[in-house]
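Everything on this sheet refers to the single structure shown next.
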Amino acid sequence: MSLETELIRQRLEKARQIEGLGFRPYGQRFDATHLIPDIVAAYSAKTAEELDTPRVQVKAAGRIMTMRRMGKAGFAHLQQNGSRLQIYVRKDSIDEAGWKLYELLDIGDIIGFEGYVFRTRAGELSIHVERIYFLSKILLPMPEKFHGLEDVETRYRQRYLDLTVSPQSRAAFITRAKVVSSFRRQLEERGFVEVETPMMQPLYGGAAARPFVTHHNTLDIDLFLRIAPELYLKRLVVGGLERVYEINRNFRNEGVSTRHNPEFTMLEFYQAYADYQVLMDFSCELLKQVAIDAIGTTIASYDGHQIDFGHIRRYTIREAVVEFWDGDGRPSMDNVADPEWLGRHSHKPTAGEQLLEIFERAAEAKLIQPTIIHQYPVETSPLSKNSLDDPAFVDRFEIYAAGMEIGNAYTELNDPQEQRRRFEMQLAMIEKGDDEAHQMDEDYVRALCYGLPPTGGEGIGIDRVAMILTGCTSIRDVILFPLLRPEGPIGIAEQLRAFDA
RNA sequence: GGGCCGGUAGCUCAGUGGUAGAGCAUCUGACUUUUAAUCAGAGGGUCGCGGGUUCGAGCCCCGCCCGGCUCACCA
């Protein structure tokens, strides 16, 4: 018999014995008077004398993380909501069934307890237990108490274990949740309405990416998982929802890396009567406050850098190429506006695509501190409004931090005739083999024909903001269940079946 | 998809061709303020999978699976 099977056998036997003592191995509702983190917060500063007069009674629950048995007494650390509290159980302080139950406990079991708060000889805040409740039996062994779970693959596949034993992992996901709620609260305060638009779309659009395809059986149609919600959100602005936002998943059928997961979370928001200049200022406020709400400061520690969201610098894309150029041949501002120079430094077909590629190569990785890059070429921005002073460019900006794009915003193109031309320009790119160029979306053009007010729109990559604020250099560390290949047979059902009387 | 690295007990890891190991965890015993508790003993392994070389393979060679990093693509 393998060790794992033997452990399951032992623990099922213990569960049977626990039942024999009058407890349920998978218990019932438990009405606690306290949460462990609240006990720790309330009494950590109290002296032993203060805790004795008068004694404080508590009833709480948690998972057993460590146990030290010493014959007729013992200690254990219980964990709840990421916080640990020691309990002290002695034979002459609880009834006989309770003591026998204590003797049957395993690390990982979930129990409830009642008792009084005290401080041990060594000074640790603890609970002197007077009654134990049994709430849930662990059958498989917990990871090692000291090193925890080091294997990244197991951490991703069995996130429940990672969350149980890795405080830093738990903290990252709590911080991520604060990021989301901060964005949501700030938008709500400014009158934005949260909406949900289709994730299964007959036509995909709003970004340049390859989609996932799925099929609806009874309608017998192929559908695409959305690569962006953009075109639906702007339809809503046409409909008079002047400030809308959506925080939800996008799906892009492309490479997986430390910065890319096939499904990722995007915030998109649209504000009627605004433009990209308004959004630049708004973005700075939003990100600054998100940092404060999530980590209590505007400065995030990331991969050896101190990234400060308190100030976001701004460059045009041409300025950025000049500013961040490394090594010989640094161009002048005239060079980066010169089609001949651009053509010599990139093999993309148009001057605009060349400029963007040169920017990505020369500058993107160097944009560690939060930076707004604005004035994008029209060819690479099929949904953005032309700049008044140069129709080859659009009123668009992207936000970079930690060398990654974290946001993208523009004044929305609201002229249906121009939008039609842009779609046709994209179709021509598809003809030339660009499989990420935009499709024609006639219903969207029709919506514009009813009048989209001048509007500013923006998308912010939630996962990437979460990465920076949590200091995680892999996107998988801020996604609870990142996409992995299936792991193959697990075999737990068969093991359990063997013990099912 | 390319390159590099990894997969040995439930967990964390040693093991450079000659009898598969340690710590934690588990089991038995001792121990009524311990805290990586301590002490004594015990059990636990298709060494990711499949081939090959060899008298002999965890170790060398080939293929495959899974993962990490990185490049490409992308947000």
Side-chain angles (χ1 to χ4, degrees), chain A residues 1-11 13-14 48 65-77 84-94 99 102 106-108 118-126 128 138-158 161-162 165 206-210 227-228 250-268 357 360-361 364 398-401 403-408 435-436 459-465 467 473-477 482 484-489 492:
Chain A
M1 189 184 293
S2 77
L3 175 64
E4 188 171 275
T5 308
E6 171 59 17
L7 281 171
I8 293 173
R9 191 198 61 72
Q10 287 170 5
R11 289 167 184 212
E13 169 59 19
K14 284 181 179 176
M65 301 305 290
T66 63
M67 269 206 289
R68 293 169 294 283
R69 301 175 188 277
M70 296 167 303
K72 297 180 182 63
F75 292 88
H77 275 111
R84 286 188 187 193
L85 177 64
Q86 180 169 265
I87 63 169
Y88 175 56
V89 182
R90 47 189 289 172
K91 192 175 182 183
D92 56 15
S93 293
I94 57 173
W99 179 254
Y102 170 76
D106 284 306
I107 290 172
F118 78 112
R119 204 169 275 287
T120 63
R121 198 172 289 160
E124 179 165 348
L125 185 75
S126 305
H128 192 117
I138 190 170
L139 295 181
L140 291 168
M142 291 279 282
E144 200 220 5
K145 63 184 170 190
F146 195 61
H147 299 91
L149 201 52
E150 297 284 333
D151 184 75
V152 252
E153 184 175 350
T154 309
R155 289 182 41 221
Y156 297 153
R157 292 197 193 278
Q158 296 180 258
L161 275 184
D162 182 41
V165 302
R210 298 208 305 273
I227 57 172
N250 289 345
F251 307 87
R252 298 189 185 175
N253 203 342
E254 290 169 349
V256 178
S257 78
T258 47
R259 295 169 185 188
H260 303 84
N261 195 60
E263 55 177 312
F264 64 101
T265 301
M266 182 89 114
L267 159 67
E268 283 202 14
E357 191 195 44
E360 286 171 353
R361 212 167 49 219
E364 182 168 358
E398 292 194 345
I399 309 168
Y400 289 85
M404 297 185 288
E405 183 188 339
I406 61 171
N408 178 20
D435 58 358
E436 292 185 354
I460 293 180
I462 296 294
D463 313 87
R464 289 184 172 178
V465 173
M467 283 170 70
T473 53
S474 172
I475 199 168
R476 296 182 201 98
D477 292 325
L484 299 177
R485 296 188 131 95
E487 67 175 315
I492 192 71

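Chain letters run A, B, ... following the sequence lines, proteins first and then strands; every chain starts at 1.
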Mind checking the [atom1] distance from [N] to [M]? Whole angstroms is fine.
| N | M | atom1 | result |
| --- | --- | --- | --- |
| rG21(B) | rA30(B) | P | 30 Å |
| rG3(B) | rG50(B) | C1' | 25 Å |
| rG23(B) | rU8(B) | C1' | 15 Å |
| rU16(B) | rC11(B) | P | 23 Å |

Partner set under salt bridge (Lys or Arg N to Asp or Glu O under 4.0 Å) for [X], not counting sequence neighbours:
| X | result |
| --- | --- |
| Glu398(A) | Arg396(A) |
| Glu13(A) | Arg16(A) |
| Asp162(A) | Arg155(A), Arg159(A) |

Which atom pairs link the protein and nucleotides 27-32 of chain B when you take only N or O atoms and keep those under 3.5 Å?
from: rC27(B); atom 1: OP1; to: Lys14(A); atom 2: NZ; distance (Å): 2.4
from: rC31(B); atom 1: N3; to: Gly71(A); atom 2: N; distance (Å): 3.1
from: rC31(B); atom 1: N4; to: Gly71(A); atom 2: N; distance (Å): 3.2
from: rU32(B); atom 1: OP2; to: Lys72(A); atom 2: N; distance (Å): 3.3
from: rU32(B); atom 1: O2; to: Arg90(A); atom 2: NE; distance (Å): 2.8
from: rU32(B); atom 1: O2; to: Arg90(A); atom 2: NH2; distance (Å): 2.9
from: rU32(B); atom 1: N3; to: Asp92(A); atom 2: OD2; distance (Å): 3.1
from: rU32(B); atom 1: O4; to: Asp92(A); atom 2: OD2; distance (Å): 3.4

| query | Glu436(A) near the nucleic acid: base, sugar-phosphate alone, or nothing, with a heavy-atom cut-off under 4.0 Å? | reply |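 It contacts sugar-phosphate atoms only.
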
Note to self: Please classify the nucleic acid contact of Arg68(A) as base, sugar-phosphate, or nothing, using heavy-atom distances under 4.0 Å.
What the structure shows: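 The answer is base, as Arg68(A) lies within the cut-off (heavy atoms under 4.0 Å) of a base atom.
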
(message) Please enumerate all residues that pass ring-ring contact (aromatic ring centres under 6.0 Å, His included) together with Phe75(A), with sequence neighbours excluded.
(response)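 Checked Phe75(A) against ring-ring contact (aromatic ring centres under 6.0 Å, His included); matches are Tyr88(A).
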
Exercise for the section: Apply ring-ring contact (aromatic ring centres under 6.0 Å, His included) to His77(A) and list each qualifying residue two or more places apart in sequence or on a separate chain. Expected result: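 Not a single residue meets the ring-ring contact (aromatic ring centres under 6.0 Å, His included) criterion with His77(A).
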
